[in-house]
**Student:** 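First the structure, which I've put down as structure tokens, then a few questions once you've had a look.
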Amino acid sequence: MPEIAEVETVRNTLKRQILNKKIKDVNILYDRIIECDLDLFKKALIGAKFINIDRKGKWLILELNNDYDLLSHLRMEGKFFLKSHNDPIVKHEHIIITFVDNTDLRYHDTRKFGRMLIVKKDTLNDAPCLKKLGYEPNSTNLTADYLLNKLKNKSITIKTLLLDQSIISGLGNIYANEVLFAAKINPFKKGQDISKKEAERIVKASNEIISKAIMMGGTTIKSYTSSLGVTGMFQQELKVHKRDKEKCCVCGSVIEKQKLNGRTVYYCPKCQK
DNA sequence: AGTGCGACCCGAACGC
DNA sequence: TGCGTTCGGGTCGCAC
């Protein structure tokens with residue numbers, strides 16, 4: 001389940017593998033992944049080359065050497081694999097981009113939740129999916145005052161607010177749980193009740209946790225392996241996520257698991273009062 | 001406007 | 001064992 005750290009790992013891995021190779025063909029085996037016009041998708045890619053890969057929040061921005069960029073969101077289980085065009089197509093490979101050297105960039109997505117679209121370079125910053133993103137967890141723009149301003153008058157819980165990409169872009173369920181544990185804040189606390197001191201702790205914790213997770217290549221839980229065999233090592237660093245019924249590493253209390261707005265929240269009832 | 005929830009998917013885990 | 005059911009994950013769009 002890729003979060004920002006995993007997406008960053010995929011970005012770095014793909015940059016080493018697919019830049020400056022001319023695209024020969026594009027095959028769309030499951031078209032609901034593609035959010036834009038299918039003809040535009042193929043037209044923009046065929047004959048072009050990727051010249052850089054950027055990232056905003058959890059979106060990958062694959063820049064082409066023409067007027068277009070390819071945006072890709074892996075959602076939970078999207079992965080890219082580089083294979084020979086002669087390799088058999090396996091289950092869950094949905095988009096095949098073939099280069100002139102007969103290698104394929106294959107998009108694999110068990111859940112089919114991922115999304116891709118082509119946007120014009122000159123309107124990239126107006127793309128709705130990018131425009132609404134808040135600051136990133138390790139951005140210096142993410143300050144306690146910025147956060148407090150976003151949380152004021154919010155009656156929903158801080159846990160739910162941390163998942164809102166328009167406030168902080170890139171935190172998913174795993175890191176939201178970890179950030180609140182590190183900041184010693186109860187996940188059920190309302191946004192409007194967060195103090196400046198608490199906001200400072202959230203900013204500090206998200207910065208530290210995400211920086212470390214990126215350094216370690218992300219978290220691997222369940223089926224997720226980032227592209228091309230690079231496996232994240234951050235999982236062992238998780239203090240509360242998926243650790244219900246285990247003892248808190250700080251105080252020894254039993255970690256609890258609950259449902260909150262349809263999402264699973266893990267927390268230490270003693271450390272996070 | 002703010003909030004909550006179902007829908008999108010399918011494999012794994014669970015219950016009987 | 002084998003079946004059916006539930007769960008989880010990020011985001012959007014709809015309903016209130």
Side-chain angles (χ1 to χ4, degrees), chain A residues 1-10 28-36 55-61 71-80 90-95 107-117 119 127-134 136-137 148-180 187-194 206 210 213 218-226 232 234-235 238 240-245 255-267:
Chain A
M1 47 198 83
E3 298 195 27
I4 193 168
E6 285 80 358
V7 179
E8 187 64 13
T9 303
V10 172
I28 303 169
L29 306 178
Y30 179 80
D31 64 17
R32 297 191 66 180
I33 302 277
I34 314 288
E35 282 190 329
C36 64
R55 181 188 60 72
K56 275 194 176 176
K58 301 176 197 170
W59 283 93
L60 286 167
I61 304 167
L71 298 187
S72 168
H73 194 305
L74 305 172
R75 293 281 180 93
M76 271 90 68
E77 307 217 19
K79 303 172 187 72
F80 283 107
V90 302
K91 199 174 181 181
H92 306 307
E93 285 179 347
H94 304 306
I95 314 286
Y107 179 70
H108 179 289
D109 191 343
T110 314
R111 295 284 190 275
K112 296 178 174 171
F113 270 18
R115 292 293 178 261
M116 286 187 206
L117 67 155
V119 293
C129 59
L130 300 183
K131 201 171 182 176
K132 61 173 174 235
L133 294 178
E136 308 218 350
L148 278 179
N149 190 47
K150 290 280 191 181
L151 300 182
K152 73 179 180 194
N153 304 327
K154 300 282 190 187
S155 62
I156 52 181
T157 65
I158 184 64
K159 166 63 172 28
T160 303
L161 289 163
L162 287 188
L163 295 176
D164 183 339
Q165 304 297 298
S166 71
I167 298 176
I168 300 179
S169 63
L171 292 185
N173 203 44
I174 299 173
Y175 295 131
N177 282 327
E178 293 299 313
V179 164
L180 288 175
F188 299 91
K189 194 161 191 168
K190 290 179 179 176
Q192 61 198 1
D193 296 334
I194 294 293
S206 55
I210 294 304
T219 310
T220 300
I221 283 188
K222 230 166 126 185
S223 66
Y224 184 72
T225 305
S226 57
F234 193 71
Q235 182 174 15
L238 299 179
V240 287
H241 192 84
K242 290 262 165 146
R243 293 200 185 277
D244 51 307
K245 295 177 185 159
I255 305 290
E256 283 190 19
K257 167 186 173 176
Q258 263 182 259
K259 269 280 189 271
L260 175 56
N261 279 38
R263 312 304 305 279
T264 317
V265 52
Y266 299 88
Y267 68 107

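Chain A is the first sequence line, chain B the second, and so forth, proteins listed ahead of strands; every chain is numbered from 1. Model, not experiment: these values are computed from the prediction. When reading the values below, keep in mind they use all heavy atoms of this one structure, side chains included, and skip hydrogens, waters and symmetry mates.
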**Student:** Starting at atom CG of L163(A), determine the distance to atom C1' of dC5(B), rounded to an integer number of angstrom.
**Tutor:**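 After rounding, the gap between these two atoms is 15 Å.
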**Student:** Expressed as a whole number of angstroms, how long is the span from D109(A):CG to dC10(B):P?
**Tutor:** 10 Å
**Student:** Does a nitrogen or oxygen in the side chain of H108(A) sit under 4.0 Å from OP1 or OP2 of dC10(B)?
**Tutor:** no
**Student:** State which of dG11(B), dG4(B), dG9(C) makes the closest approach to the side chain of K242(A).
**Tutor:**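 When the side chain of K242(A) is considered, dG9(C) is the closest of dG11(B), dG4(B), dG9(C).
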**Student:** Name the stems with DNA chain C in them: runs of three or more consecutive Watson-Crick or G-U pairs, distances under 3.5 Å?
**Tutor:**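 Correct response: B:2-16 with C:2-16.
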**Student:** Judged by atom type as modelled, is there a donor-acceptor pair below 3.5 Å linking the side chain of E77(A) to the main-chain atoms of K112(A)?
**Tutor:** no
**Student:** Name the orientation class of the two ring planes belonging to H94(A) and Y107(A) (parallel below 30°, tilted from 30 to 60°, perpendicular beyond 60°).
**Tutor:**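 Plane angle between 30° and 60°, so tilted.
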**Student:** Looking at residues at least two apart in the chain, or sitting in another chain, which of them share a side chain to side chain contact (heavy atoms under 4.5 Å, CB included) with T264(A)?
**Tutor:**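 Partners of T264(A) under the side chain to side chain contact (heavy atoms under 4.5 Å, CB included) test: N173(A), K257(A), K259(A), Y266(A).
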**Student:** Please find the pair of heavy atoms, one from R75(A) and one from H73(A), that lie closest to each other, and give the distance.
**Tutor:**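 In terms of heavy atoms, the two residues are closest at N-ND1, 2.8 Å.
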**Student:** Which residues pass the ring pair (Phe, Tyr, Trp, His ring centres under 6.0 Å) test with H108(A), not counting sequence neighbours?
**Tutor:** F81(A), H92(A)
**Student:** Using a heavy-atom cut-off of 4.0 Å across all strands, would you classify G172(A) as base, sugar-phosphate, or nothing?
**Tutor:**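 Sugar-phosphate contact only.
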**Student:** With sequence neighbours excluded, tell me which residues meet side chain to side chain donor-acceptor pair (under 3.5 Å) with T157(A).
**Tutor:** T160(A)
**Student:** Could you tell me whether the phosphate oxygens of dC9(B), OP1 or OP2, come under 4.0 Å of any side-chain nitrogen or oxygen in H92(A)?
**Tutor:** no
**Student:** In whole angstrom, what separates R111(A)'s CZ from dG11(B)'s P?
**Tutor:**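 Interatomic distance, CZ of R111(A) to P of dG11(B): 7 Å.
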**Student:** Suppose we screen for side chain to side chain contact (heavy atoms under 4.5 Å, CB included). Which residues come up paired with K131(A), at least two apart in sequence or across chains?
**Tutor:**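 Counting only residues at least two positions away or on another chain, K131(A) forms a side chain to side chain contact (heavy atoms under 4.5 Å, CB included) with D126(A).
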**Student:** List the residues meeting side chain to side chain contact (heavy atoms under 4.5 Å, CB included) with N149(A), not counting sequence neighbours, and say none if there are none.
**Tutor:**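 Side chain to side chain contact (heavy atoms under 4.5 Å, CB included) check on N149(A) returns K152(A).
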**Student:** NZ of K58(A) versus P of dG9(C): gap in Å, rounded?
**Tutor:**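 It is 11 Å, rounded to the nearest whole Å.
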**Student:** State which residues pass salt bridge (charged side-chain N to carboxylate O under 4.0 Å, His left out) with K189(A); sequence neighbours excluded, sorted by chain then number.
**Tutor:**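 Salt bridge (charged side-chain N to carboxylate O under 4.0 Å, His left out) check on K189(A) returns E198(A).
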**Student:** Restricting both atoms to N or O, compile the protein contacts to nucleotides 13-16 of chain C shorter than 3.5 Å, with distance only.
**Tutor:**
none

**Student:** List for me each residue that meets side chain to side chain donor-acceptor pair (under 3.5 Å) alongside E8(A), sequence neighbours excluded, and say none if there are none.
**Tutor:**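 Residues passing side chain to side chain donor-acceptor pair (under 3.5 Å) with E8(A): R11(A), R55(A).
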**Student:** Return the set of residues passing side chain to side chain contact (heavy atoms under 4.5 Å, CB included) with D164(A) (not counting sequence neighbours), or none when no residue passes.
**Tutor:** S166(A), I167(A)
**Student:** What is the minimum heavy-atom distance between G191(A) and L161(A), and which atoms define it?
**Tutor:** CA-CD1, 3.5 Å
**Student:** Please tabulate, one pair per line, each protein N/O and nucleotide N/O from nucleotides 5-7 of chain C that are separated by under 3.5 Å, including the distance.
**Tutor:**
none

**Student:** E77(A) has an atom CD; how far is it from atom P of dG11(B), in whole Å?
**Tutor:** 10 Å
**Student:** In residues 149-161 of chain A, what residues come within less than 4.0 Å of DNA chain C, judged by heavy atoms?
**Tutor:** none
**Student:** Looking only at non-hydrogen atoms, find the nearest pair between S169(A) and I4(A) and report the distance.
**Tutor:** O-CD1, 3.8 Å
**Student:** Indicate, with a heavy-atom threshold strictly under 4.0 Å, whether R32(A) touches base, sugar-phosphate, or nothing.
**Tutor:** sugar-phosphate
**Student:** Distance check needed: dA7(B) C1' versus K112(A) NZ, whole Å only.
**Tutor:**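 One finds 15 Å between C1' of dA7(B) and NZ of K112(A), rounded.
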**Student:** Under 4.0 Å between a side-chain N or O of K91(A) and OP1 or OP2 of dC10(B)?
**Tutor:** no
**Student:** dC12(C) C1' sits how many Å from H73(A) NE2, rounded?
**Tutor:**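 It is 11 Å, rounded to the nearest whole Å.
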**Student:** Whether the side chain of E256(A) engages the backbone of D244(A) through a donor-acceptor N/O pair (distance < 3.5 Å, no angle test) should be reported.
**Tutor:** no
**Student:** If I take atom CZ in residue F113(A) and atom P in nucleotide dA7(B), what distance separates them, rounded to the nearest angstrom?
**Tutor:**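 F113(A) atom CZ is separated from dA7(B) atom P by 12 Å.
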